[in-house]
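Below is one structure, written out as structure tokens; comments come after it.
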Amino acid sequence: MNIAVAIDDVDRQALPPASEAGPAPKRIVVAYGFWIFLLSDIVMFAALFAAYAVLRNATAGGPTGAQLFNQGSVAIETACLLASSYTCGLMSLAVNARNREATYLFAGITFVLGAVFLGLEIREFAGMIAADAAPQRSAFLSAFFTLVGCHGLHVAAGLIWLAVMMAQVELKGFRATVKRRLLCFSLFWHALDIIWVWLFTVVYLMGAAA
Amino acid sequence: MTDTRYDRAPGDRSILADAEESTASGLLLYTIGLGLAAGLTVTSFWAANTLLLWAPGIPLGLATLAIAQMGVHLVFFLHITTGPDNTNNVLALAFGVLIVTILVAGSLWIMANLNDNMMPPPELMNLPMRH
């Protein structure tokens, strides 16, 4: 009850209850809708994870995960994506403070880290395809390329989105529309990092252990 | 009268938290999250490569670490809390987690059953061929 009283004390006494307050501000509606989209995107990834988990031993005599995966490269990719999630958070702080220079700085760092991640992943894919471990080699590799490649495509889309958002900040400034889109972008980027946590755990670490 | 007027947008910090504890700035929150997530990641990579741990238990340990790191990301990066202005976000998330769990666990369970029950070992499959 004390907490409830404290909440009411924060100049909320005069506000009408939720049922009479009218529609929520657009920032909340937009971000909530995007949250729902992200959760449905995660459900799609869950289907790909399930396919991978079912097929991960179906190597058809081809190379196994333990032979293909290079944990050093995966560790660098993980560090890049985690650091970029952090700088993305710092960027949203800068956006809320309407600090243009800090926004560009942190968006730039986020972009570079994301691009390094993508570059390492493309290099890994190219190396695997060159080593006769292309998607058509076995069901395991089909599932691997679908799952990891789908995450990589999301990262690539996020990079394009970030570049577009920086152009919008430059041309339009910190308008309400631009700030809403930046909020959605940071949600997207953090969600991608959560998916990557499961990816490196299930695919690379468990694949090496088993 | 515990109604707060509006829900909070996912990713936004609580206005109430700002009013109550202004010391925990946004920067500090992200930095704590980064430290915890980095620690959990390093532990995961260590656990997958060490010989000190009981090998059959490692996948379960890795899954636990991943769940913990997901929690860190949700709390410190996405600012999901148990606050009254965050109920809708948490409910949507809980529904997502439910669907993901059913999908992954159900697929693995069904496919393991099919493999056990419908695939005779190769020696049995070849029996009629040996005249």
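Only this structure's heavy atoms are used, side chains among them; waters, hydrogens and symmetry mates stay out. Residue numbers start from 1 in every chain, and the chains themselves are labelled A, B, ... in the order their sequence lines are given, proteins ahead of strands.
- The choice from Leu40(B), Thr101(B), Val104(B) that makes the most heavy-atom pairs within less than 4.5 Å of chain A is Val104(B).
- Proximity to chain B involves both the backbone and the side chain of Val74(A), based on heavy atoms less than 4.5 angstrom apart.
- Residue Asn49(B) touches chain A through its side chain alone, counting heavy-atom pairs closer than 4.5 Å.
- Looking at Ala38(B), both its backbone and its side chain come within 4.5 Å of chain A, counting heavy atoms on both sides.
- At a threshold of 4.5 Å between non-hydrogen side-chain atoms, the residues Asp12(B) and Arg27(A) count as touching.
- Within 6.0 Å of CG in Leu60(B) there are 12 or fewer heavy atoms belonging to other residues, nucleotides or ligands.
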ask   = Do Ile42(A) and Ile99(B) pass the side-chain contact (heavy atoms from CB on, under 4.5 Å) test, and can you show the C-alpha distance, the side-chain angles, and the key distance before you say yes or no?
value = CA-CA 10 Å; Ile42(A) 286 172; Ile99(B) 300 295; over 6 Å; no
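- Both the backbone and the side chain of Thr31(B) come within less than 4.5 Å of a heavy atom of chain A.
- For the 3.5 Å distance criterion, the side chains of Tyr30(B) and Ser85(A) fail to qualify, holding no donor opposite an acceptor.
- Only the side chain of Phe200(A) comes within contact range of chain B, with at least one heavy atom under 4.5 Å from a heavy atom of that chain.
- One finds the OG1 atom of Thr201(A) at 7.0 Å from the CD atom of Gln69(B) (value rounded to the nearest 0.5 Å).
- The local environment of CZ in Arg100(A) is crowded, with over 12 non-hydrogen atoms from other residues, nucleotides or ligands closer than 6.0 Å.
- Note that CZ of Phe77(B) and OG of Ser186(A) are 11.5 Å apart. Values are rounded to the nearest 0.5 Å.
- With hydrogens and angles disregarded, a donor-acceptor distance shorter than 3.5 Å links the side chain of Trp35(A) to the backbone of Asn89(B).
- Contact between His190(A) and Leu78(B) at its shortest, heavy atoms only, is CB-CD2, 3.8 Å.
- For Ile80(B), the part lying near chain A is the side chain, with the backbone staying farther off; criterion is any non-hydrogen pair under 4.5 Å.
- Heavy-atom minimum distance, Ser107(B) versus Val54(A): O-CG2, 4.0 Å.
- Contact annotation for Ser40(A): neither backbone nor side-chain heavy atoms come within less than 4.5 Å of a heavy atom of chain B.
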task = Step by step, work out the side-chain contact (heavy atoms from CB on, under 4.5 Å) result for Arg8(B) and Ile28(A).
result = CA-CA 6 Å; Arg8(B) 189 193 336 152; Ile28(A) 292 172; 5.9 Å; no
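- Interface residue Ile67(B): backbone and side-chain heavy atoms are both found under 4.5 Å from chain A.
- The candidate with the highest count of non-hydrogen atom pairs below 4.5 Å against chain B, out of Leu82(A), Asn96(A), Val43(A), is Leu82(A).
- Heavy-atom distances place the side chain of Leu39(A), and not its backbone, under 4.5 Å from chain B.
- One distance of note links CE of Met44(A) with CG of Leu103(B); it measures 11.5 Å at 0.5 Å rounding.
- Contact annotation for Leu187(A): both backbone and side-chain heavy atoms come within less than 4.5 Å of a heavy atom of chain B.
- With a threshold of 4.5 angstrom between heavy atoms, Ala63(B) approaches chain A through its backbone and through its side chain.
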